[in-house]
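One structure below.
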2 protein chains.
Amino acid sequence: MSLSHAVLTSLLEKPSSGYDLARRFDKSIGYFWHATHQQIYRELARMEAAGWVASITAPDAGNTRKRSYRVLPAGRDELGRWALEPSAPMDLRDEVTVRLRADAALGPLGLESELLRRITQHQDKLQTYRNIEARDFPAGKPLGRNARIQHMILKKGMLFEQGSIDWTQEMLTVLAQA
Amino acid sequence: MSLSHAVLTSLLEKPSSGYDLARRFDKSIGYFWHATHQQIYRELARMEAAGWVASITAPDAGNTRKRSYRVLPAGRDELGRWALEPSAPMDLRDEVTVRLRADAALGPLGLESELLRRITQHQDKLQTYRNIEARDFPAGKPLGRNARIQHMILKKGMLFEQGSIDWTQEMLTVLAQA
DNA sequence: TGCTCCATGTAACACGTTACATGATTGC
DNA sequence: GCAATCATGTAACGTGTTACATGGAGCA
């Protein structure tokens, strides 16, 4: 698996506490790799035991338990090693396709409202990505290699959302025909 | 989760043995919902205990243990109930985006060959889908409601593969620029 | 005889989700 | 004082993966 490597990458970009990582996984990187805070704490504990990361009491901890994690050389090595492994293609397991197959097998169930709801969700997410794009990758500003890579990852999300909207709309017309 | 409901749907389309289901999940439906044979046997056992499906010794079992499963009314009801539940949006967790982020954080790692490999995989899958489309949904032939839904699901896969090819090619040009 | 495929299963483990617990800090 | 948020964690369970086991059938 690669949750640990996603966390390593995120930590490399910015040393953080588990809580901050969890919130970042709910925002930027997490749009592409969801994880709950329990998963993240578990991975951090494992990686610290493995010597991939180290933690100190966070500078802004005050009287709290807040800890700050950073990547150790062994973690960098592991991440570089892993990044070059061949990776499995993404699988597209979307519950809605199963529901549509069930609709086809059982007869019309009235999935239209669900599809409309999905379109709204995709539009919201697309707008979120567009806002991030406008903020982080403004048109006309020259970007470095890292920024261009990050921008492409964001674009992937935008393409996916737009494609989902278009496909769902076509699906609605199919359901509308008798 | 919904593996059980995916299996129910598949069984509804055609009563089958666990082995046959596993092979179908490796072909048609499985392009959109992967499952190993162990998962399927586990689900079948659970659903039989729950009264959603029933099994008999398969007609073509011979001296083997082969069993044939079919959906019971309780299973149909459950599937119809589930299909109208609101569903979570699909998450796009692609390992390659994590690897690219790692590349951005660590410096150029040489992911080009991996990306080229992915393009080939996406092209192969696209061709597979096109073959299925030519066989099951030939142009000019009028299709019923069910066939149109199945066709749309297949199209979703084709759109995804084509989008992945295009995006990966653009990503390669980004990596090629210094 | 030995090989491959058919067909089902057990066991162990890794990953993901949900519920709950604990205590400090911040803002009204 | 009270609620919300910050911050970390335990426990239980469900899902997904990997390795291995078992035995029949078909074929050279």
Side-chain angles (χ1 to χ4, degrees), chain A residues 1-8 11 15-27 30 32-50 53 55-69 82 85 87-95 98, chain B residues 1-8 11 15-27 30 32-50 53 55-69 82 85 87-95 98:
Chain A
M1 238 294 296
S2 47
L3 173 57
S4 54
H5 298 93
V7 173
L8 270 182
L11 271 186
S16 310
S17 67
Y19 191 83
D20 289 340
L21 278 170
R23 301 190 72 219
R24 255 196 286 163
F25 266 74
D26 271 353
K27 287 189 301 179
F32 305 100
W33 202 285
H34 171 78
T36 62
H37 76 271
Q38 290 83 350
Q39 279 178 278
I40 288 168
Y41 285 125
R42 187 153 69 187
E43 286 308 322
L44 286 174
R46 281 180 198 167
M47 293 197 291
E48 185 156 33
V53 301
S55 69
I56 53 168
T57 299
D60 59 340
N63 280 350
T64 71
R65 285 188 291 176
K66 185 171 185 178
R67 301 194 66 72
S68 179
Y69 287 83
W82 170 83
E85 276 183 0
S87 59
M90 177 187 173
D91 56 332
L92 18 84
R93 60 166 59 187
D94 189 345
E95 293 201 5
V98 181
Chain B
M1 238 294 296
S2 47
L3 173 58
S4 54
H5 298 92
V7 173
L8 270 183
L11 272 185
S16 311
S17 68
Y19 191 83
D20 289 340
L21 278 172
R23 301 190 73 219
R24 254 195 287 163
F25 266 74
D26 271 353
K27 287 189 299 179
F32 305 99
W33 202 285
H34 171 77
T36 63
H37 77 272
Q38 290 84 350
Q39 280 178 277
I40 287 169
Y41 285 126
R42 188 154 66 186
E43 287 307 323
L44 286 173
R46 281 179 196 169
M47 291 197 294
E48 186 155 32
V53 301
S55 69
I56 53 167
T57 299
D60 59 340
N63 281 349
T64 70
R65 282 188 294 174
K66 185 171 184 176
R67 302 193 66 72
S68 180
Y69 288 83
W82 170 83
E85 276 182 2
S87 59
M90 177 187 174
D91 55 332
L92 18 85
R93 58 168 59 187
D94 189 344
E95 292 201 6
V98 180

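None of the values given here were measured: they were computed from a predicted structure.
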Send over the distance from [X] [atom1] to [N] [atom2], rounded to a whole Å.
X       : N      : atom1 : atom2 : value
B:Arg93 : D:dG16 : CZ    : P     : 12 Å
A:Phe25 : C:dT17 : CZ    : P     : 13 Å
B:Gln39 : C:dT8  : CD    : C1'   : 16 Å
B:Asp91 : D:dT15 : CG    : C1'   : 14 Å
A:Leu3  : C:dG16 : CG    : C1'   : 9 Å

[X]: which residues meet the salt bridge (Lys or Arg N to Asp or Glu O under 4.0 Å) condition with it, sequence neighbours left out?
X       : answer
A:Asp20 : A:Lys66
B:Arg46 : B:Glu43
B:Glu48 : none

| Is there a donor-acceptor pair closer than 3.5 Å between any side-chain N or O of A:Arg67 and the backbone N or O of A:Gly18? | no
| message | Would you say B:Arg42 places a side-chain N or O within less than 4.0 Å of OP1 or OP2 belonging to D:dG16? | response | no
| With sequence neighbours left out, what residues match A:Tyr41 under ring pair (Phe, Tyr, Trp, His ring centres under 6.0 Å)? | A:His37
| remark: Per-nt protein contacts along nucleotides 2-9 of chain D (heavy atom under 4.0 Å; B base, S backbone sugar-phosphate only, - none) come out as ----BBBB
| remark: Sorted by chain and number, sequence neighbours left out, side chain to side chain contact (heavy atoms under 4.5 Å, CB included) with B:Leu44 holds for B:Val7, B:Leu11, B:Leu21, B:Ile40, B:Met47, B:Tyr69
| D:dG14 base to B:Arg46 side chain: any donor-acceptor pair below 3.5 Å? | no
